[in-house]
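Encoded as structure tokens, the structure appears first; notes follow it.
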Amino acid sequence: MALRDGYYVLSSLDDKLKYLQKLPHIGKITANHLARNLGEDVVKYDIWIQRLGCVFAKRSDLADKINNAVLCAEIKDVCDNMFEHMATVTGLPRGYIDVVLWKSCQQGLIKL
């Protein structure tokens, strides 16, 4: 309960993500996964989203930097640009777009 209370007392998303990263075995990518599962409107920078971000940005040169354990700053930037564009075009929250894109890749509806 103390961990939960410590999370929900924080007001900024940045502080919440930093708090989650202090938990054992939790890095930046997993912190985003947890935050999304706790109701935050964040992107889970998993392998599918990283690949899509590179395709969206037409940056095949970044393919070697895709890593599910360590999020490269350049990969994060292209993903953030993709989500900003999609959120603007659709009017949907980033977290919702993330789920739709991830599931579409997982099910083979989007082929990379």
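Considering all non-hydrogen atoms of both residues, A2 and Y19 come closest at O-OH, 3.9 Å. Residues G27 and Q21 approach most closely at O-CG, 3.8 Å, considering heavy atoms. Of all non-hydrogen atoms in A87 and R94, the two that sit nearest each other are CB-CG, 4.4 Å. Nearest heavy atom pair, residue V78 against residue C54, reads CG2-N, 4.0 Å. Smallest separation of non-hydrogen atoms from G53 and C79: CA-SG, 4.1 Å.
Not counting sequence neighbours, D5 has no partner by the salt bridge (Lys or Arg N to Asp or Glu O under 4.0 Å) test. By the side-chain contact (heavy atoms from CB on, under 4.5 Å) test, N32 pairs with L17, V42, Y45, sequence neighbours left out. Applying the side-chain contact (heavy atoms from CB on, under 4.5 Å) criterion to M82, with sequence neighbours excluded, gives I49, L52, F56, M86, L101. Remark: V55 engages L112 in a side-chain contact (heavy atoms from CB on, under 4.5 Å) (not counting sequence neighbours).
Hydrophobic clustering, with ILVMFWY side chains joined whenever heavy atoms are under 4.5 angstrom apart, groups V9 together with L20. The same ILVMFWY cluster, assembled from side-chain heavy atoms under 4.5 Å apart, contains both I29 and F83. L71 and L23 fall into different hydrophobic clusters, where Ile, Leu, Val, Met, Phe, Trp and Tyr side chains are chained together by heavy-atom contacts under 4.5 Å. Note on V99: it does not cluster hydrophobically with L92, by side-chain heavy-atom contacts below 4.5 Å among ILVMFWY residues. L34 and L3 fall within the same hydrophobic cluster, defined by Ile, Leu, Val, Met, Phe, Trp and Tyr side-chain heavy atoms under 4.5 Å apart, directly or through other members.
For Q50 (side chain) and N67 (main-chain N/O), a donor-acceptor pair under 3.5 Å exists by modelled atom type.
Side-chain atoms of L38 and Y8, non-hydrogen and from C-beta on, do get closer than 4.5 Å to each other.
Salt bridge status for K18 with D14: present, with a side-chain N to carboxylate O gap under 4.0 Å.
Rounding to the nearest 0.5 Å gives a distance of 10.0 Å between NE2 of H33 and CD1 of I26. The distance from atom CD1 of I47 to atom CD1 of I66, rounded to the nearest 0.5 Å, is 6.0 Å.
Sorted by first then second residue, the side chain to side chain donor-acceptor pair (under 3.5 Å) pairs that include residues 102-112, not counting sequence neighbours, are K103-Q106. Note on residues 68-77: pairs passing side chain to side chain donor-acceptor pair (under 3.5 Å), not counting sequence neighbours, are K65-E74, K76-D80.
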